[in-house]
Amino acid sequence: MLDKGYEPHEVERKWYTCWEKQDLFRAKDKDERPAFSIVIPPPNVTGVLHMGHALNNTMQDILCRYKRLKGFNVLWMPGTDHAGIATQNVVERKLAQEDNDRHQLGREKFIEAVWQWRSEYGDAIINQLKRLGASCDWSRERFTMDEGLSEAVRTVFVKLYEKGLIYRGLYITNWCPRCRTALSELEVEHEEIDGHLYHIRYPFADGKGELVIATTRPETMLGDTAVAIHPEDERYADLKAQSVILPLMDRKIPIIKDSYVSREFGTGALKVTPAHDPNDFEIGKRHKLSSIKIINDAGCMTPEAGRFAKLDRFECREQVVKALKSGGYLIKVTNRKHGVGHCYRCKSIVEPNLSQQWFVKAKALAEPAIKAVKEGKTRIIPESWSKTYFDWMNNIRDWCISRQIWWGHRIPAWTCESCQELTVAMQTPSQCSACGHKMLIQETDVLDTWFSSALWPFSTMGWPEQTELLRTFYPTSVLVTGFDILFFWVARMMMMGIHFMGEIPFKDVYVHALVRDEHGHKMSKSKGNVIDPLDIIDTYGTDAFRYTLAAFAAQGRDIKMSKDRVDGYRHFINKLWNAARFSLMHLETGYEKIEAGNLSLPDRWILARLKKTIQKVETALEQYRFNEAASEAYQFVWHEFCDWYVEAAKPALYGKTEAAAANAAKQTLWTVLHDILIMLHPFAPFVTEEIWDKLPGAEGFILNAGFPAPQRYVDDQSILDNAEKQMELIMGAIAGIRNIRGEMNIAPSATLEAVFFSANSEQRRIASDYQDLIVNMARLTSLTVTDKIPASKTNATTIVSGATLLVELKGVIDFQCEINRLEKEVIKLTKELTGLSKKLNNDSFLSNAPANIVENVREKQNKLLEKKDKLTTTLERVRSMS
RNA sequence: GGGCGGAUAGCUCAGUUGGGAGAGCACCGGCCUUACAAGCCGGGGGUCACAGGUUCAAGCCCUGUUCCGCCUACCA
């Protein structure tokens, strides 16, 4: 017998170990079964499992387990990415604790230290995914720095370079002074900050008058090489002066005219700092201005900043403002909100910085990627995200791929010391391709981590080799991901996949929402509102957690997570456990065969409901409607199977009926439980495997059990046809009696007699066939079925499907209470009826609405009228007696 | 500035060809009924944000408004 309550921890450990040992997650390189594949969004190797991972991977696991049950050859490709900046930061912090740093160590030793770190801590997140139940094919786990994937990276780089799609150049990029590297525009998080707008006087060089400029970053003025005004600005039409004197630096700089300048902003005069602002850089190029770099890579002022040299950039701002003030140059300071970029890794304020970087020309690659989605070769789900995808792709900018760090794929480019020629090659070249000189220096930069992640769907499958795996599983079936990396990753995989494989990387992209805290705020360490998924798993069990995630994962809406919510689904898992516990007490063997002739109404009913539920769950999962699948299953298991079927089957199971009926009940119970377990397995893998293990006649692992086919229960499906309608009558009768009990405050222990009165012989037949069922479930002493209205006056009445149920309340009836109860019901009916007759009295409704709708309304009206009629009569009778 | 999403029961949310307003939790009342008190039975509760429009019919379609999120953008 099962324990009284479900205890997840030991069960989870046991089964995961077992699944892995039995190698059940392994995909076949080639197989007759249809292929289904997902590549995992590789978590950072430094990562720890957070709610986003938990949701993302739960969904993937649900799909993978479901597809395995459906008979697919499933590949869920796992792995991690090397997270260049993040990992380097982590290892550098560790070194700092040892009073060391990477420069002391040197590049080679540092890389060794990172690998060392990876071998010690790098599989933390993988182990956490296993606790979540993830059924990845771990035998194929990949890492973006693996030799194979590194070769893919080099191949892609060289090919793109040869095609002219990668170039190197001196540009303004986003620079993180803390990480000391360039970032792509995506790696910059913009945040509105309360800043100031400084209005500064720039005197004309000839001493007569001045221009006033406004800036939020006064320290950059030290690098100004011009002041710009709009060519058609009338205020400056008569301007004679050619140049101004840059305050504090006493440098003469020209006044130039450029239509970029907005006439509406401030005085219409713009200071130009080509080395520290992307727009100014463009202006500088147009006007051939010189660039003066006044902030270095560490965020400190260079010697070009004169007396401000060596100051930190923030300190410098204060000093510059002070100096401007005392020099009489500062006119005013106003408050101003403005967007400031922060490094997405370390949150430092980024500095636009002039430097030599490598770029991917994105436009050409983006075009086919746009087309693929437009033509529906790749579907983005929910569809609304495709707009975001198109917007970004259509306005795509070149992608800065070089990073000035050490941990990552080193750019395979060499510069000749003699002729400066650049050689890009797969292997270290022995000599310069131009002059043959042997002194070549390799580029020190590494590639953006996303560059290697962009190849993930094919590099993990062995590309550039043409492997069997690629033939079987590329394009992958679906990519499951959060919208936060739609640009970073999805878009780039699309570009790279199409370019190098000649085919889209995935047929579907399912974009899911974010997990937030219970108040709808983004979880973050600084807010202290982070809920650790492993905490939840420890407290409530993995299955409860997964079910919660699935149940709340409605498309397009963020999930608010709290422990209380998981608790609700823990109850559900426990309910399932106890339903199984009960069932197993009565099942001695497997019951593959159902003898249809012996099935009772509840048997037939639950089988009909099971069939429908399984179909609904299937349909929902095929459409990525996880919440719908989860709640359909939940509703069925708890409120149909447990609440009704199990209760209804008890007399048979306890041997109070003839053997044939008892056996039919057991066959049904076994079948329904069997299929429930399979149906729930994708959502709750552990508890279902555990119960499966204990279920007589259940073979092997549930993981491979095969999804129930809709036709499997009975040969003659028509046996199930009327079951639902007939059962409604029985359930309605029971509910009606229970309602009388509840409403009239009759103790559950009080014994009651009831009469089922109907003019319809079919109804009387069903009622008398299942008399015992009604007696049992409504806790009656007896039920009389009759076609004559009984004479007793001391009863409470309810109407169900046109039949009248009278509950004998001799001595206990409270007439006023019964009047209230009936009145309430009549009022409700009257309300509904006015709505209906309004429709039916409307000629345009009758002539315009489809016939079946009109018929439905009419039918309903008749039913309600009849019911109201009967209740009114009853009400009058009770009134006359009180 | 541009774009997207949201507003439905006290709370969190479902509601896909426009025709029945629903679930879970919370709440109220009653139950240790031999699978489950992590449970069972019964009950109350909604002008579907606001204003118009289309339609025989609108939570759902259209227009506008308000409030709240998020993404995106080089006006210093």
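Predicted model only: the values in this text are computed from it and were never measured. Heavy atoms only: backbone and side chains are in, while hydrogens, waters and symmetry mates are out. Here is the naming used below: chain letters follow the sequence lines, and residue numbers restart at 1 for every chain.
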Check ion pair A:E628-A:K616 (N to O, under 4.0 angstrom): no
Nearest to the side chain of A:L270, heavy atoms from C-beta on, is which of B:C40, B:G42, B:A76? B:A76
Which letter, B, S or -, goes with each nucleotide of nucleotides 3-14 of chain B from 5' to 3', with contact meaning a protein heavy atom under 4.0 Å? SSSSS----SSS
Kindly indicate, with the supporting measurements, whether the criterion salt bridge (charged side-chain N to carboxylate O under 4.0 Å, His left out) is fulfilled by A:E232 and A:K257. CA-CA 9 Å; A:E232 283 145 38; A:K257 296 188 173 182; over 6 Å; no
Please give me every residue in residues 642-655 of chain A whose heavy atoms get under 4.0 Å of an atom in RNA chain B, ordered by residue number. A:C642, A:D643, A:V646, A:E647, A:K650, A:Y654
Any donor-acceptor pair under 3.5 Å joining the side chain of A:Y260 to the base of B:C75? no
Does the pair A:K863/A:E859 count as a salt bridge with the N-to-O cut at 4.0 Å? no
N/O donor-acceptor pairs under 3.5 Å from side chains in residues 219-226 of chain A, not counting sequence neighbours:
residue	atom	partner	partner atom	Å
A:E219	OE1	A:R317	NE	2.9
A:E219	OE2	A:R317	NH2	3.1
A:T220	OG1	A:R217	O	2.8
A:T220	OG1	A:K271	NZ	2.6
A:D224	OD1	A:K271	NZ	3.0
A:D224	OD1	A:T273	OG1	2.7
A:D224	OD2	A:Y202	OH	2.7
A:T225	OG1	A:S290	O	3.0

Picking from B:A76, B:U33, B:A35, the nucleotide nearest the side-chain atoms of A:R779 would be B:U33
For the C1' atoms, the ones on B:A38 and on B:C32, what distance do you get once it is rounded to whole angstrom? 15 Å
Could you measure between the two C1' atoms, the one in B:C56 and the one in B:A14, and give it in whole Å? 29 Å
Say you pick atom C1' in B:C50 and the same atom in B:A37; how far apart are they, in whole Å? 46 Å
Charged N to carboxylate O under 4.0 angstrom, A:K337 versus A:E192? no
Using the P atom in both, what is the distance from B:G45 to B:C28, to the nearest Å? 16 Å
Does A:W638 have its ring centroid less than 6.0 Å away from the ring centroid of A:Y634? yes
May I ask you to decide whether A:K725 forms a salt bridge with A:E728, counting only side-chain N to carboxylate O separations under 4.0 Å? no
Suppose you measure atom P in B:G59 against the same atom in B:U47; what distance do you get, rounded to whole Å? 13 Å
Tell me which nucleotide among B:C75, B:A35, B:G43 gets nearest to the side chain of A:S262. B:C75
Under a 4.0 Å N-O cut-off, is there an ion pair linking A:R570 with A:D567? yes
